[in-house]
Amino acid sequence: MPLLRNPHALTILGNFWPRSLHPRYPSKDRYYQTEPEVRILAHEQRPLGPSRAELILLHGLEGSSSAGYMVSMAQDALLAGLAATRLNMRTCGGTEHLCPTLYHAGLTSDLRRVLEIVKNEDRGPVFLCGFSLGGNVVLKLAGELGPGGSDLLAGVCAVGTPLHLGACVDKMAEPQNRLYEHRFVQRLKARYRRRQQQAPDRFPARDLDAIRTVLEFDDRITAPAFGFRGARHYYDTQSAIHFLPRIAVPTLLIQAQDDPLIPFSLYQSDAVRGNECITLVAPEHGGHLGFIARRRPRFWADTVVLHWIQEQILRKERLPIG
(Lines give C-alpha, C1' and ligand atoms only; values in the text may rest on other atoms or scores of the structure.)
Protein backbone atom coordinates (compact mmCIF):
# COMPACT_ATOMS: atom_id res chain seq x y z
CA MET A 1 0.00 0.00 0.00
CA PRO A 2 1.46 3.41 -0.95
CA LEU A 3 2.39 5.88 1.76
CA LEU A 4 0.21 8.49 0.04
CA ARG A 5 -2.18 8.61 -2.90
CA ASN A 6 -1.34 12.05 -4.27
CA PRO A 7 0.90 11.47 -7.32
CA HIS A 8 2.77 14.76 -6.98
CA ALA A 9 3.47 14.17 -3.29
CA LEU A 10 4.71 10.66 -4.08
CA THR A 11 6.92 11.96 -6.88
CA ILE A 12 8.55 14.52 -4.61
CA LEU A 13 8.90 12.08 -1.70
CA GLY A 14 10.46 9.48 -3.97
CA ASN A 15 13.05 12.02 -5.04
CA PHE A 16 14.01 13.26 -1.58
CA TRP A 17 13.52 10.19 0.64
CA PRO A 18 16.93 9.43 2.26
CA ARG A 19 18.62 6.20 1.20
CA SER A 20 22.06 4.81 1.89
CA LEU A 21 24.40 1.90 1.16
CA HIS A 22 25.68 -0.30 3.97
CA PRO A 23 29.48 -0.06 4.43
CA ARG A 24 29.76 -3.86 4.38
CA TYR A 25 29.51 -3.59 0.57
CA PRO A 26 32.50 -1.45 -0.54
CA SER A 27 32.01 0.41 -3.80
CA LYS A 28 34.62 0.22 -6.53
CA ASP A 29 34.86 2.92 -9.18
CA ARG A 30 35.36 1.61 -12.67
CA TYR A 31 35.74 3.50 -15.93
CA TYR A 32 34.50 1.78 -19.07
CA GLN A 33 36.02 2.85 -22.39
CA THR A 34 33.06 2.72 -24.75
CA GLU A 35 34.47 4.75 -27.65
CA PRO A 36 37.97 6.10 -28.41
CA GLU A 37 37.16 9.42 -26.71
CA VAL A 38 34.42 8.28 -24.35
CA ARG A 39 34.66 6.83 -20.87
CA ILE A 40 31.77 6.33 -18.48
CA LEU A 41 31.91 5.87 -14.73
CA ALA A 42 30.35 2.93 -12.88
CA HIS A 43 30.18 2.17 -9.18
CA GLU A 44 30.39 -1.59 -8.72
CA GLN A 45 29.61 -3.59 -5.59
CA ARG A 46 29.69 -7.30 -4.84
CA PRO A 47 27.60 -9.29 -2.36
CA LEU A 48 29.29 -10.98 0.60
CA GLY A 49 29.11 -14.42 -1.01
CA PRO A 50 29.10 -15.60 -4.64
CA SER A 51 26.82 -13.45 -6.77
CA ARG A 52 23.72 -15.03 -8.30
CA ALA A 53 23.58 -12.46 -11.10
CA GLU A 54 24.77 -9.04 -12.24
CA LEU A 55 22.32 -6.14 -12.02
CA ILE A 56 23.25 -3.02 -13.98
CA LEU A 57 21.27 0.11 -13.08
CA LEU A 58 20.78 3.16 -15.29
CA HIS A 59 19.42 6.50 -14.06
CA GLY A 60 17.02 9.05 -15.51
CA LEU A 61 17.25 12.52 -17.09
CA GLU A 62 19.91 14.63 -15.38
CA GLY A 63 20.34 11.95 -12.75
CA SER A 64 23.41 9.96 -11.78
CA SER A 65 24.62 6.87 -9.96
CA SER A 66 23.89 8.63 -6.66
CA ALA A 67 20.14 9.02 -7.32
CA GLY A 68 18.05 7.65 -4.46
CA TYR A 69 16.32 4.98 -6.54
CA MET A 70 19.73 3.76 -7.77
CA VAL A 71 21.08 3.54 -4.23
CA SER A 72 18.13 1.68 -2.71
CA MET A 73 17.90 -0.78 -5.60
CA ALA A 74 21.63 -1.51 -5.36
CA GLN A 75 21.39 -2.02 -1.60
CA ASP A 76 18.47 -4.42 -1.90
CA ALA A 77 20.17 -6.26 -4.77
CA LEU A 78 23.28 -6.83 -2.68
CA LEU A 79 21.20 -8.15 0.20
CA ALA A 80 19.58 -10.57 -2.27
CA GLY A 81 22.98 -11.87 -3.38
CA LEU A 82 23.29 -9.94 -6.65
CA ALA A 83 26.24 -7.86 -7.79
CA ALA A 84 25.15 -4.26 -8.37
CA THR A 85 26.56 -1.76 -10.85
CA ARG A 86 25.31 1.82 -10.78
CA LEU A 87 26.15 3.18 -14.21
CA ASN A 88 26.39 6.85 -15.15
CA MET A 89 25.34 7.88 -18.63
CA ARG A 90 28.09 9.72 -20.47
CA THR A 91 28.86 13.15 -18.94
CA CYS A 92 26.67 12.42 -15.88
CA GLY A 93 27.81 12.10 -12.28
CA GLY A 94 30.52 14.73 -12.71
CA THR A 95 32.11 13.06 -15.74
CA GLU A 96 31.81 15.74 -18.41
CA HIS A 97 35.60 15.70 -18.79
CA LEU A 98 35.51 12.05 -19.88
CA CYS A 99 33.47 12.62 -23.03
CA PRO A 100 33.38 15.19 -25.87
CA THR A 101 29.60 14.95 -26.45
CA LEU A 102 26.27 15.28 -24.66
CA TYR A 103 23.95 12.31 -24.04
CA HIS A 104 20.43 11.61 -25.25
CA ALA A 105 17.47 9.34 -24.46
CA GLY A 106 18.18 6.81 -27.18
CA LEU A 107 21.96 6.55 -26.90
CA THR A 108 22.46 2.81 -26.39
CA SER A 109 26.03 2.34 -27.66
CA ASP A 110 27.70 2.92 -24.28
CA LEU A 111 25.48 0.44 -22.48
CA ARG A 112 25.91 -2.14 -25.22
CA ARG A 113 29.69 -1.85 -24.95
CA VAL A 114 29.51 -2.33 -21.18
CA LEU A 115 27.44 -5.49 -21.71
CA GLU A 116 30.03 -6.81 -24.17
CA ILE A 117 32.81 -6.21 -21.66
CA VAL A 118 30.84 -7.91 -18.88
CA LYS A 119 30.27 -10.92 -21.13
CA ASN A 120 33.97 -11.13 -22.02
CA GLU A 121 34.75 -11.15 -18.30
CA ASP A 122 32.37 -14.09 -17.87
CA ARG A 123 30.12 -12.22 -15.45
CA GLY A 124 26.46 -13.08 -15.47
CA PRO A 125 23.65 -13.71 -15.91
CA VAL A 126 23.12 -9.99 -16.54
CA PHE A 127 19.95 -8.02 -15.85
CA LEU A 128 19.37 -4.37 -16.68
CA CYS A 129 17.17 -1.99 -14.72
CA GLY A 130 16.54 1.49 -16.08
CA PHE A 131 14.65 4.27 -14.35
CA SER A 132 12.67 6.92 -16.24
CA LEU A 133 14.85 8.00 -19.19
CA GLY A 134 17.23 5.14 -18.35
CA GLY A 135 14.28 2.81 -18.89
CA ASN A 136 13.95 4.12 -22.43
CA VAL A 137 17.62 3.32 -23.03
CA VAL A 138 17.51 -0.25 -21.70
CA LEU A 139 14.28 -1.10 -23.55
CA LYS A 140 15.49 0.41 -26.80
CA LEU A 141 18.74 -1.57 -26.53
CA ALA A 142 16.85 -4.81 -25.87
CA GLY A 143 14.75 -4.12 -28.97
CA GLU A 144 17.82 -3.32 -31.06
CA LEU A 145 19.42 -6.61 -30.01
CA GLY A 146 16.27 -8.48 -31.01
CA PRO A 147 16.46 -12.30 -31.04
CA GLY A 148 20.18 -12.10 -30.24
CA GLY A 149 19.56 -10.24 -27.01
CA SER A 150 19.93 -13.36 -24.90
CA ASP A 151 23.64 -13.46 -25.80
CA LEU A 152 24.16 -10.41 -23.58
CA LEU A 153 21.08 -10.25 -21.37
CA ALA A 154 19.05 -12.47 -19.08
CA GLY A 155 16.33 -9.85 -18.62
CA VAL A 156 15.40 -6.19 -18.59
CA CYS A 157 13.44 -4.09 -16.10
CA ALA A 158 12.18 -0.57 -16.71
CA VAL A 159 10.59 1.60 -14.03
CA GLY A 160 8.58 4.74 -14.78
CA THR A 161 9.66 4.84 -18.41
CA PRO A 162 8.62 7.51 -20.96
CA LEU A 163 7.95 4.98 -23.70
CA HIS A 164 7.19 7.72 -26.21
CA LEU A 165 9.43 10.71 -25.62
CA GLY A 166 7.29 13.20 -27.53
CA ALA A 167 4.09 12.30 -25.72
CA CYS A 168 5.85 12.60 -22.37
CA VAL A 169 7.46 15.93 -23.19
CA ASP A 170 4.01 17.22 -24.13
CA LYS A 171 2.66 15.87 -20.83
CA MET A 172 5.44 17.57 -18.91
CA ALA A 173 4.51 20.90 -20.51
CA GLU A 174 1.03 20.84 -18.97
CA PRO A 175 0.44 23.55 -16.31
CA GLN A 176 0.36 21.15 -13.35
CA ASN A 177 3.83 19.86 -14.29
CA ARG A 178 5.64 23.17 -14.70
CA LEU A 179 7.66 22.60 -11.52
CA TYR A 180 9.17 19.41 -12.90
CA GLU A 181 9.88 20.90 -16.29
CA HIS A 182 11.51 24.00 -14.82
CA ARG A 183 13.81 21.81 -12.72
CA PHE A 184 14.82 19.65 -15.68
CA VAL A 185 15.40 22.65 -17.95
CA GLN A 186 17.58 24.42 -15.40
CA ARG A 187 19.73 21.33 -14.99
CA LEU A 188 20.01 20.75 -18.74
CA LYS A 189 21.07 24.35 -19.31
CA ALA A 190 23.59 24.21 -16.46
CA ARG A 191 25.17 21.11 -18.00
CA TYR A 192 25.41 22.78 -21.40
CA ARG A 193 27.03 25.85 -19.86
CA ARG A 194 29.65 23.63 -18.23
CA ARG A 195 30.30 22.03 -21.59
CA GLN A 196 30.71 25.44 -23.20
CA GLN A 197 33.32 26.40 -20.62
CA GLN A 198 35.24 23.18 -21.24
CA ALA A 199 35.09 23.21 -25.05
CA PRO A 200 33.64 26.43 -26.52
CA ASP A 201 34.53 25.38 -30.07
CA ARG A 202 32.60 22.14 -29.79
CA PHE A 203 29.62 23.59 -27.92
CA PRO A 204 28.69 26.86 -29.61
CA ALA A 205 26.97 29.65 -27.74
CA ARG A 206 23.20 29.38 -27.70
CA ASP A 207 20.53 31.68 -26.37
CA LEU A 208 20.00 29.47 -23.35
CA ASP A 209 18.14 32.14 -21.41
CA ALA A 210 15.35 32.01 -23.99
CA ILE A 211 14.82 28.26 -23.51
CA ARG A 212 11.87 27.56 -21.23
CA THR A 213 10.83 23.97 -22.03
CA VAL A 214 12.43 20.58 -22.57
CA LEU A 215 11.07 20.61 -26.11
CA GLU A 216 12.90 23.87 -26.82
CA PHE A 217 16.12 22.54 -25.32
CA ASP A 218 15.98 19.37 -27.37
CA ASP A 219 15.09 21.31 -30.52
CA ARG A 220 17.95 23.79 -30.16
CA ILE A 221 20.60 21.72 -28.38
CA THR A 222 20.11 17.94 -28.27
CA ALA A 223 18.78 17.34 -31.76
CA PRO A 224 21.43 19.28 -33.72
CA ALA A 225 24.20 17.86 -31.50
CA PHE A 226 23.34 14.35 -32.67
CA GLY A 227 22.19 15.00 -36.22
CA PHE A 228 18.43 14.81 -35.70
CA ARG A 229 16.09 17.01 -37.73
CA GLY A 230 14.71 18.79 -34.69
CA ALA A 231 13.20 17.59 -31.42
CA ARG A 232 10.25 15.75 -32.95
CA HIS A 233 12.51 13.72 -35.22
CA TYR A 234 14.67 12.89 -32.21
CA TYR A 235 11.65 11.75 -30.19
CA ASP A 236 10.10 9.77 -33.02
CA THR A 237 13.27 7.82 -33.80
CA GLN A 238 14.57 7.23 -30.26
CA SER A 239 11.42 6.28 -28.33
CA ALA A 240 11.48 2.77 -26.86
CA ILE A 241 7.86 2.10 -27.79
CA HIS A 242 8.92 1.51 -31.41
CA PHE A 243 11.45 -1.14 -30.31
CA LEU A 244 9.25 -3.12 -27.91
CA PRO A 245 7.95 -5.58 -30.54
CA ARG A 246 11.52 -6.82 -31.18
CA ILE A 247 12.39 -7.52 -27.55
CA ALA A 248 13.09 -11.23 -27.14
CA VAL A 249 14.29 -11.46 -23.53
CA PRO A 250 12.12 -11.44 -20.37
CA THR A 251 11.12 -7.87 -19.67
CA LEU A 252 9.40 -6.25 -16.70
CA LEU A 253 7.68 -2.87 -16.92
CA ILE A 254 6.63 -1.08 -13.72
CA GLN A 255 4.44 1.95 -14.30
CA ALA A 256 2.14 3.87 -11.96
CA GLN A 257 -1.19 4.66 -13.54
CA ASP A 258 -1.16 8.12 -11.92
CA ASP A 259 2.35 9.11 -13.07
CA PRO A 260 2.02 12.87 -13.72
CA LEU A 261 4.73 12.84 -16.40
CA ILE A 262 3.80 9.75 -18.43
CA PRO A 263 0.42 9.09 -20.11
CA PHE A 264 -0.66 5.64 -18.98
CA SER A 265 -2.29 5.10 -22.38
CA LEU A 266 1.21 4.33 -23.69
CA TYR A 267 1.18 1.18 -21.56
CA GLN A 268 -2.18 0.12 -22.96
CA SER A 269 -0.82 0.09 -26.50
CA ASP A 270 -0.34 -2.94 -28.74
CA ALA A 271 3.44 -2.46 -28.50
CA VAL A 272 3.26 -3.38 -24.81
CA ARG A 273 0.41 -5.88 -24.91
CA GLY A 274 1.50 -7.64 -28.08
CA ASN A 275 4.87 -8.99 -26.91
CA GLU A 276 4.65 -12.08 -24.70
CA CYS A 277 8.14 -11.38 -23.34
CA ILE A 278 6.83 -8.26 -21.60
CA THR A 279 5.20 -8.31 -18.15
CA LEU A 280 3.48 -5.10 -17.01
CA VAL A 281 2.97 -4.28 -13.33
CA ALA A 282 0.80 -1.16 -13.10
CA PRO A 283 -0.20 -0.05 -9.60
CA GLU A 284 -2.89 2.58 -9.34
CA HIS A 285 -0.67 4.93 -7.32
CA GLY A 286 3.03 5.75 -7.35
CA GLY A 287 3.56 9.03 -9.17
CA HIS A 288 6.83 9.25 -11.06
CA LEU A 289 9.33 6.90 -9.37
CA GLY A 290 7.52 7.54 -6.09
CA PHE A 291 6.88 3.97 -5.02
CA ILE A 292 7.14 4.57 -1.28
CA ALA A 293 5.25 1.98 0.75
CA ARG A 294 3.41 2.70 3.99
CA ARG A 295 5.25 -0.14 5.73
CA ARG A 296 8.53 -1.95 5.26
CA PRO A 297 9.92 -2.89 2.85
CA ARG A 298 9.71 0.81 2.10
CA PHE A 299 10.82 0.82 -1.53
CA TRP A 300 8.10 -1.19 -3.23
CA ALA A 301 9.50 -1.19 -6.77
CA ASP A 302 12.82 -2.61 -5.56
CA THR A 303 11.01 -5.57 -4.05
CA VAL A 304 9.03 -6.22 -7.24
CA VAL A 305 12.12 -6.02 -9.48
CA LEU A 306 14.24 -8.31 -7.31
CA HIS A 307 11.45 -10.86 -6.89
CA TRP A 308 11.03 -10.92 -10.67
CA ILE A 309 14.79 -11.33 -11.23
CA GLN A 310 14.93 -14.19 -8.76
CA GLU A 311 12.07 -15.86 -10.63
CA GLN A 312 13.99 -15.54 -13.90
CA ILE A 313 17.12 -17.02 -12.33
CA LEU A 314 15.19 -19.99 -10.94
CA ARG A 315 13.40 -20.54 -14.23
CA LYS A 316 16.71 -20.59 -16.08
CA GLU A 317 18.22 -23.00 -13.56
CA ARG A 318 15.30 -25.39 -14.07
CA LEU A 319 15.59 -25.46 -17.87
CA PRO A 320 16.80 -28.84 -19.18
CA ILE A 321 20.25 -28.93 -20.75
CA GLY A 322 20.43 -29.75 -24.43
Side-chain angles (χ1 to χ4, degrees), residues 18-35 37-60 62-99 103 107-135 137-138 141-142 145 149 151-159 249 252 289 299 301-303 305-306 308-310 312-313 316:
R19 316 182 202 200
S20 61
L21 289 162
H22 197 283
R24 79 176 73 169
Y25 305 109
S27 178
K28 175 185 176 182
D29 291 357
R30 177 166 180 182
Y31 295 88
Y32 286 91
Q33 189 89 38
T34 60
E35 292 180 11
E37 292 186 276
V38 177
R39 287 191 298 159
I40 58 175
L41 171 62
H43 302 293
E44 301 183 344
Q45 295 169 280
R46 313 297 298 182
L48 298 181
S51 62
R52 300 186 65 203
E54 301 274 337
L55 178 59
I56 299 176
L57 308 174
L58 197 63
H59 59 82
E62 288 305 291
S64 73
S65 56
S66 63
Y69 49 79
M70 298 274 280
V71 169
S72 67
M73 183 69 80
Q75 174 70 19
D76 288 343
L78 291 162
L79 289 170
L82 277 62
T85 295
R86 290 173 290 127
L87 196 66
N88 287 285
M89 294 187 196
R90 62 170 65 182
T91 79
C92 294
T95 62
E96 284 99 338
H97 62 291
L98 300 179
C99 174
Y103 70 92
L107 187 63
T108 57
S109 57
D110 291 338
L111 182 57
R112 180 168 186 164
R113 181 57 186 147
V114 170
L115 292 178
E116 292 169 348
I117 293 171
V118 169
K119 179 182 179 181
N120 290 338
E121 294 176 351
D122 199 25
R123 294 155 54 190
V126 179
F127 292 87
L128 297 178
C129 183
F131 299 88
S132 194
L133 186 109
V137 176
V138 303
L141 176 58
L145 293 172
D151 291 340
L152 297 175
L153 289 170
V156 175
C157 307
V159 185
V249 295
L252 173 68
L289 303 182
F299 307 113
D302 297 6
T303 302
V305 167
L306 292 172
W308 181 84
I309 289 175
Q310 289 166 343
Q312 304 312 308
I313 295 172
K316 186 173 183 179

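All values below come from the heavy atoms of this structure, side chains included, with hydrogens, waters and symmetry mates left out.
- Annotation: the span from Thr91 atom OG1 to Glu96 atom CD amounts to 5.5 Å, rounded to 0.5 Å.
- A distance of 11.0 Å separates CD in Glu37 from OG1 in Thr34, rounded to the nearest 0.5 Å.
- Residues Leu82 and Ile309 have side chains in contact (heavy-atom distance under 4.5 Å, counting atoms from C-beta outward).
- Within the 4.5 Å cutoff, the side chain of Ile56 has heavy atoms near those of the Leu115 side chain.
- Taking every heavy atom of both residues into account, Ala84 and Ala77 meet most closely at CB-CB, 4.4 Å.
- Between Pro18 and Phe299, the shortest heavy-atom contact is O-CZ, 4.3 Å.
- The closest side-chain heavy-atom distance from Leu58 to Cys129 is not below 4.5 Å.
- The closest donor-acceptor contact from the side chain of Gln45 to the backbone of Tyr25 lies under 3.5 Å.
- Between the Asp302 side chain and the Asp76 main chain, no donor and acceptor come within less than 3.5 Å of each other.
- Donor-acceptor pairing under 3.5 Å is recorded for the side chains of Ser72 and Arg19.
- Residues Leu133 and Met89 form a side-chain contact, since some pair of their non-hydrogen atoms from C-beta on lies under 4.5 Å apart.
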**OP:** For Val159 and Val305, run side-chain contact (heavy atoms from CB on, under 4.5 Å): C-alpha distance rounded to whole Å, both residues' side-chain angles, the deciding distance at 0.1 Å, then the answer.
**Re:** CA-CA 9 Å; Val159 185; Val305 167; 4.3 Å; yes
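- Under the 4.0 Å criterion applied to side-chain N and carboxylate O atoms, Lys119 and Glu116 are not assigned as salt-bridge partners.
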Subject >> Candidate pair Leu252 and Gln312, rule side-chain contact (heavy atoms from CB on, under 4.5 Å), full reasoning >> reply: CA-CA 11 Å; Leu252 173 68; Gln312 304 312 308; over 6 Å; no
**OP:** Show your reasoning for whether side-chain contact (heavy atoms from CB on, under 4.5 Å) applies to Leu111 and Leu128.
**Re:** CA-CA 10 Å; Leu111 182 57; Leu128 297 178; 3.9 Å; yes
**OP:** May I have the step-by-step check of side-chain contact (heavy atoms from CB on, under 4.5 Å) for Phe131 and Met70, ending in yes or no?
**Re:** CA-CA 8 Å; Phe131 299 88; Met70 298 274 280; 4.0 Å; yes
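- Looking only at side-chain heavy atoms (C-beta outward), Ile40 and Cys99 stay at 4.5 Å or farther from each other.
- One finds the CE atom of Met73 at 13.0 Å from the CZ atom of Arg86 (value rounded to the nearest 0.5 Å).
- For the pair Ala154 and Pro125, the tightest heavy-atom approach, listed with the atom from each and the gap, is CB-CB, 3.7 Å.
- The closest side-chain heavy-atom distance from Leu306 to Leu55 is below 4.5 Å.
- The two residues Arg24 and Pro26 make their nearest non-hydrogen contact at O-CD, 3.2 Å.
- By the 4.0 Å N-to-carboxylate-O rule, Glu121 lies close enough to Arg30 to be salt-bridged with it.
- Between the side chains of Arg46 and Ser51, at least one donor N or O sits under 3.5 Å from an acceptor N or O.
- A distance-only check finds no donor-acceptor pair linking the side chain of His59 to the backbone of Ala67 [under 3.5 Å].
- Salt-bridge formation is detected for the pair Glu35/Arg90: a Lys NZ or Arg NE/NH1/NH2 atom is positioned less than 4.0 Å from an Asp or Glu carboxylate oxygen.
- For the atom pair CG (Leu48) and CG (Leu78), the distance works out to 8.5 Å, reported to the nearest 0.5 Å.
- Here the side chains of Leu145 and Leu153 are in contact, with some heavy-atom distance below 4.5 Å.
- Remark: side-chain polar atoms of Tyr103 are paired, donor with acceptor, to backbone N or O of Glu62 under 3.5 angstrom.
- With rounding to the nearest 0.5 angstrom, the CD atom of Glu54 is 11.0 Å from the CZ atom of Phe127.
- Side-chain atoms of Thr85 never come within 3.5 Å of backbone atoms of Leu87 as a donor-acceptor pair (strictly under, hydrogens ignored).
- Side-chain contact, Ser65 with Asn88: a donor N or O sits under 3.5 Å from an acceptor N or O.
- By the 4.5 Å heavy-atom criterion applied to side chains, His43 and Asp29 are counted as neighbours.
- Nearest heavy-atom pair, Arg52 versus Ile313, reported as atom, atom and distance to 0.1 Å: NH2-CG2, 3.6 Å.
- Across all their heavy atoms, Val138 and Cys157 have their closest contact at CG2-O, 3.7 Å.
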